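Here's the structure we're looking at; comments come further down.
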Amino acid sequence: SAAFTYRNWWTLEGTARNDWSSTLPTGENSYFYPSVNTSVVLTDALPNLQNSIVSSIKLRAAAARVGSDAPVYSLVPVFLGEAQRFGSQPQYRLDTRLANANLKPEITRSDEVGAEFALFDNRVTLGFRAYRKSPRNQTFDVEISGASGFERKWVNAGEISNKGIEALL
C-alpha cells in the first residue's frame, strides 16, 4: 500500500494484493486485487470558496477489485464423516455435491464517487455517494439430476450488478 498527500488538500492512496488459494485448482488459484482512491478538499485548495454558508467541500473517488476463493472440498470428491449415524460407530458417506476441478476465483469490482459539504460553520453536513459493485464468477452449488448420483454441483456462474446513490444530511 502507498499513500501520498499534497499540501494537505489532495490525497491519493493505492493498494495491491495477490492471494493464492488451496481451494482453487492449480493455475487458477492466484488472484490479484488492486485498489486506488483519491480525495480533494476543494476549500483547502481554493480558500476563496469558503464563505458564511460553505465551510468545506470534499470530493472523492475510489475503484477496487477484490478476490475470493472457492469453498473447501469443492474441487475433488470427499467422504464426510457422520459420527452419530449408527450409534457410536463412525460412518462415512460420499458428499452429495459433485466437485468441480475447474473452479475460478470470484472477482468483485467496485467503483464509487462522492462529495461532502459542510455548511453554516460546520453545523450542517451533506454527503452524496454513487456506487457500483459487480461480482463475477460467483461459486454456487446448483441442483442437478439425482440420476447422476449427486444432488448438487459446484459451478462458477453469473455476474451481478449492484448500483445506487446515497445521500446523508
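As the structure is a computational prediction, the values presented were derived from the model and not from experiment.
Linking ILVMFWY residues whenever their side-chain heavy atoms come closer than 4.5 Å, directly or via other members, leaves Leu75 and Val142 in distinct clusters. Connection of Tyr131 to Tyr33 is not established within any shared hydrophobic cluster, with ILVMFWY side chains joined at heavy-atom distances below 4.5 Å, either directly or through further cluster members. Cluster annotation: Phe140 is not connected to Leu98 through the hydrophobic network of ILVMFWY side chains, with a link wherever side-chain heavy atoms come within less than 4.5 Å. One hydrophobic cluster, built from ILVMFWY side chains closer than 4.5 Å, cannot hold both Val113 and Leu126; they sit in different ones. Side-chain heavy atoms closer than 4.5 Å link hydrophobic residues (I, L, V, M, F, W, Y) into clusters, and following such links, even through other members, never connects Ile165 to Leu59.
If you take CG on Leu24 and OG on Ser74, they are separated by 7.5 Å, rounding to the nearest 0.5 Å. Expressed to the nearest 0.5 Å, how far CG of Leu80 lies from CZ of Arg93 amounts to 5.0 Å.
Side-chain contact check for Thr108 versus Ser68: every heavy-atom pair is 4.5 Å or farther apart. Residues Leu94 and Pro77 form a side-chain contact, since some pair of their non-hydrogen atoms from C-beta on lies under 4.5 Å apart.
Counting only residues at least two apart or on different chains, the side chain to side chain donor-acceptor pair (under 3.5 Å) pairs with a member in residues 143-155 are Asp141-Arg152. Residue pairs that meet the side chain to side chain donor-acceptor pair (under 3.5 Å) test with at least one member in residues 160-169, sequence neighbours left out, are Arg129-Glu166. Contacts classified as salt bridge (charged side-chain N to carboxylate O under 4.0 Å, His left out) and involving residues 18-42 (residues at least two apart or in different chains) are given here: Arg17-Asp19. Residues in residues 97-107 take part in no side chain to side chain donor-acceptor pair (under 3.5 Å) pair, two or more places apart or across chains. Screening residues 43-69 for salt bridge (charged side-chain N to carboxylate O under 4.0 Å, His left out) gives Arg60-Glu112, Arg60-Glu116 as the qualifying pairs, with residues at least two apart or on separate chains.
For the pair Ser35 and Ala64, the tightest heavy-atom approach, listed with the atom from each and the gap, is CB-CB, 3.7 Å. Residues Gly81 and Tyr92 approach most closely at CA-CD2, 3.3 Å, considering heavy atoms. Minimum interatomic distance between Asp121 and Ser55 (heavy atoms only, all atoms of both residues): N-OG, 3.0 Å.
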**OP:** Given side-chain contact (heavy atoms from CB on, under 4.5 Å), test Val54 with Leu119 step by step and report yes or no.
**Re:** CA-CA 5 Å; Val54 177; Leu119 309 170; 4.3 Å; yes
**OP:** Apply the test side-chain contact (heavy atoms from CB on, under 4.5 Å) to residues Thr125 and Phe117: give CA-CA distance (whole Å), side-chain angles for both, the deciding distance (0.1 Å), then the verdict.
**Re:** CA-CA 6 Å; Thr125 59; Phe117 303 91; over 6 Å; no
**OP:** Give the intermediate values and the outcome of side-chain hydrogen bond (donor to acceptor under 3.5 Å, both in side chains) for residues Ser1 and Glu13.
**Re:** CA-CA 7 Å; Ser1 67; Glu13 298 176 294; over 6 Å; no
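The aromatic rings of Tyr6 and Trp9 lie perpendicular to each other, with more than 60° between the two planes, well past the 30° mark.
Between the Thr43 side chain and the Ile57 main chain, a donor and an acceptor come within less than 3.5 Å of each other. One N or O on the side chain of Asn156 and one on the backbone of Asn137 form a donor-acceptor pair closer than 3.5 Å.
By the 6.0 Å contact criterion, CZ on Phe150 is enclosed, its count of non-hydrogen atoms from other residues, nucleotides or ligands being greater than 12. Around CG of Asn51, the count of heavy atoms belonging to other residues, nucleotides or ligands within 6.0 Å exceeds 12.
For Thr38, the side chain to side chain donor-acceptor pair (under 3.5 Å) partners at least two apart in sequence or on another chain are Trp10.
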